[in-house]
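Scroll down for the structure; my scribbles are underneath it.
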Amino acid sequence: MSASALASRTEIGIVYCAGVVQGLVLVTFPAASAIFTSPDGFGFDSTRYGALFVPQVVLAVLASGFAAKLARRFNLRAVLLVGFAGNVIAMALLASSRLLLGAPDLAFGVLLVATGALGLGFGATVMALNTYAETFFPASADRAVLALNALLGLGTALAPVLVAMVVAIGAWWLLPIAVAGILALIFGFALTQPLRTSAGTAHSGAAAPIDWRNLPHRFWLYAAAVFLYGIVETLNGNWAMLYLSSERGVSARAASFALTAFWVMVTVGRVLIAVISWRVPARWIYLALPILLVVVLQLAARAQGETGGIIAFGIAGLACSAFLPLSISSGGKEFPHLSAVMAGELIAFYQLGYGVAAFGIGPLRDVIGLSFSTIFAAGSLVAAPLAVVAWLIIRPPALGRVE
């Protein structure tokens with residue numbers, strides 16, 4: 001995987017290091033679910049906990065959708081810097097919420113602003129990072145995007161472990177403070193670099209306003225795929241800890257290990273698939289992952305004890321691993337003139353799916369009275385149509401072999 005002459009080592013380092021930190025930021029909130037829902041913490045119920053993520057989804061969708069327009073008016077570097085700033089604000093507000101432990105209603109308002117800033121940061125940053133990865137390595141875009149998302153997965157895997165560590169010492173707020181400092185440092189480095197994109201990829205993808213009526217029909221297949229995937233991934237990533245601790249009698253510490261196993265296997269899976277895609281056509285990997293999800297969600301619904309939870313959610317992480325990055329890179333390869341648009345809009349549809357699961361599970365629990373095990377089992381009803389959509393995407397050789 002050789003870099004384009006367009007990018008320096010420093011620029012490549014900024015993009016891929018930012019991927020790790022963005023993953024850490026993204027999962028810090030769900031990894032801290034025990035703090036949000038514990039009577040010793042903020043004491044939120046499932047519905048209020050899920051509602052925390054509504055501003056994140058709304059701002060992430062808006063940021064992803066308008067990122068291409070902002071890149072057209074200014075440049076992609078401006079989009080990336082806006083994303084970094086949003087992430088810094090989110091972490092600063094999360095840390096400051098510790099001062100409001102005795103005022104849960106006021107804390108809830110502050111945390112809503114924090115997740116909104118996270119949504120802005122995530123939507124802008126991930127769109128820009130994926131576009132840079134494709135641009136910096138045009139001859140091996142699939143592997144470049146998989147590598148970036150593997151590093152993002154590394155950050156997501158670190159978050160539950162780091163949260164458990166700072167909670168154990170009674171200073172959970174140290175983590176968002178440290179992450180905000182790292183992001184500020186990366187922001188400073190990014191200010192010193194041009195971070196240009198080639199005329200043939202990201203910039204040209206944003207060269208004209210988006211006309212939704214004229215988007216290729218197959219764009220909507222990719223959009224449906226990442227929307228359904230967002231539901232399934234978030235069911236695991238946001239609710240695994242609460243499920244295991246509330247219904248399976250698993251301690252908060254052990255439940256955090258299960259969440260870590262999920263994100264670790266997301267990362268490991270992305271690395272493994274980047275390797276085996278040299279020999280196995282990526283289109284068959286793309287189809288196999290949602291089929292595996294159908295099965296593993298049934299396993300998760302029946303998980304017993306610490307070991308069962310770790311195994312079930314570890315396999316779920318493997319099944320989730322490469323689907324989103326392959327959707328982004330493959331859509332960009334199929335429609336290279338819409339590279340930035342594909343990256344931004346697919347992240348927006350992923351976030352819509354994220355929002356359905358992040359907010360929707362709470363009312364299913366608190367209003368309808370469904371158990372977590374029933375909800376996880378019903379997740380297969382989302383994974384099954386995801387497999388159908390994946391099949392429709394690969395029917396023409398759109399994915400082909402990773403080059």
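Here the structure is a predicted model, which is why all the values come from computation and not from measurement.
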Give, for atom CZ of F122 and atom CD1 of I347, the distance between the pair rounded to the nearest 0.5 Å.
5.0 Å
Taking T267 for the side chain and G153 for the main chain, is one N or O donor matched with an acceptor at less than 3.5 Å?
yes
With R365 as the cation and F372 as the aromatic partner, state whether NZ or CZ is under 6.0 Å from the six-membered ring centre and within 45° of the axis.
yes
Just by distance, do the side chain of T374 and the backbone of L370 share a donor-acceptor pair under 3.5 Å?
no
Can you tell me how far apart CG (L162) and CG (L24) are? Round to the nearest 0.5 Å.
6.0 Å
Quick one: CG on L352 to CG on L228, what's the gap to the nearest 0.5 Å?
11.5 Å
Would you compute the distance between atom CD1 of I361 and atom OG1 of T47 and round it to the nearest 0.5 angstrom?
11.0 Å
Report yes if some heavy atom in the side chain of L289 is under 4.5 Å from a heavy atom in the side chain of I273; otherwise report no.
yes
Work out which heavy atom in V226 is nearest to a heavy atom in L346; give both atom names and the distance.
CG2-O, 3.4 Å
With under 30° as parallel and over 60° as perpendicular, where do the rings of F44 and F108 fit, or are they tilted in between?
perpendicular
Hey, is the main chain of I393 close enough, under 3.5 Å, to the side chain of R218 for a donor-acceptor pair?
yes
Testing the basics here: between L259 and A31, what is the closest heavy-atom pair and its distance to 0.1 Å?
CD2-CA, 4.0 Å
Nearest-0.5 Å distance that lies between atom CG in L152 and atom CG in L26
7.0 Å
Exam field: side chain T234 to backbone I231, donor-acceptor pair closer than 3.5 Å
no
Could you state the interatomic distance from CG (L148) to CG (L129), rounded to the nearest 0.5 Å?
5.5 Å
Between L244 and A255, what is the shortest heavy-atom contact and its length?
CB-CB, 4.2 Å
Are Q298 and S380 close enough that a side-chain donor and a side-chain acceptor fall under 3.5 Å?
yes
Under 3.5 Å, side chain of T156 to main-chain N/O of V27, donor-acceptor pair present?
no
Mind running side-chain contact (heavy atoms from CB on, under 4.5 Å) on Q193 and I14 for me, showing each step along the way?
CA-CA 9 Å; Q193 300 298 314; I14 288 171; 3.6 Å; yes
Please confirm whether the ring centroid of W263 lies under 6.0 Å from the ring centroid of F313.
no
Go through it in stages, so that I can follow the logic: the residues are E134 and T131, the test is side chain to side chain donor-acceptor pair (under 3.5 Å), and I'd like the CA-CA distance, side-chain angles, deciding distance and then a yes or no.
CA-CA 5 Å; E134 291 183 71; T131 306; 5.2 Å; no
Any non-hydrogen side-chain atom of L293 less than 4.5 Å from a side-chain atom of L386?
yes
Apply side-chain contact (heavy atoms from CB on, under 4.5 Å) to residues R77 and L191 and explain how you reach the verdict.
CA-CA 9 Å; R77 177 173 173 268; L191 283 175; 4.1 Å; yes
How far apart are the closest heavy atoms of Y16 and F137, and which atoms are they?
OH-CE1, 3.6 Å
N/O donor-acceptor pair under 3.5 Å between Q56 side chain and L118 backbone
no
Side chain proximity check, Y49 to P30, heavy atoms < 4.5 angstrom
yes
Whether the S371 and S373 side chains hold a donor-acceptor pair (N or O, under 3.5 Å, no angle test) is what I'd like checked.
yes
For Y350 and E233, test the side chains for any donor-to-acceptor distance below 3.5 angstrom and give the result as yes or no.
yes
With a 3.5 Å cut-off and no angle check, do the side chains of Y354 and N238 form a donor-acceptor pair?
yes
M265 and I315, any side-chain heavy atoms less than 4.5 Å apart:
no
Please check: side-chain N/O of E11 versus main-chain N/O of L195, any donor-acceptor pairing under 3.5 Å?
yes
Donor-acceptor under 3.5 Å (S38 side chain, I35 main chain)
no
Got a salt bridge between R48 and D366, using NZ or NE/NH1/NH2 to carboxylate O under 4.0 Å?
no
Side chains of V268 and L318: does their closest heavy-atom pair fall under 4.5 Å?
no
Would you call the rings of F36 and F29 parallel, tilted or perpendicular, where under 30° means parallel and over 60° means perpendicular?
parallel
Quick check: do V61 and V57 have side-chain heavy atoms less than 4.5 Å from each other?
yes
Going by heavy atoms in the side chains, are Y229 and S327 under 4.5 Å from each other?
no
Give me the atom names and distance for the closest heavy-atom approach of V232 to A383.
CG2-N, 4.2 Å
Between the main-chain N or O of Q304 and the side-chain N or O of R248, is there a donor-acceptor pair closer than 3.5 Å?
no
With heavy-atom distances below 4.5 Å as the criterion, would you say the side chains of L287 and R283 are in contact?
no
Any sub-3.5 Å donor-acceptor pair from Y286's side-chain atoms to W391's backbone N or O?
no
After noting the C-alpha distance and the side-chain angles of L80 and T125, does the key distance pass the side-chain contact (heavy atoms from CB on, under 4.5 Å) rule?
CA-CA 5 Å; L80 185 63; T125 301; 4.1 Å; yes
Show your reasoning for whether side-chain contact (heavy atoms from CB on, under 4.5 Å) applies to W239 and S33.
CA-CA 9 Å; W239 295 98; S33 59; over 6 Å; no
Heavy atoms of C320 and V266 approach each other most closely as CB-CG2, 4.4 Å
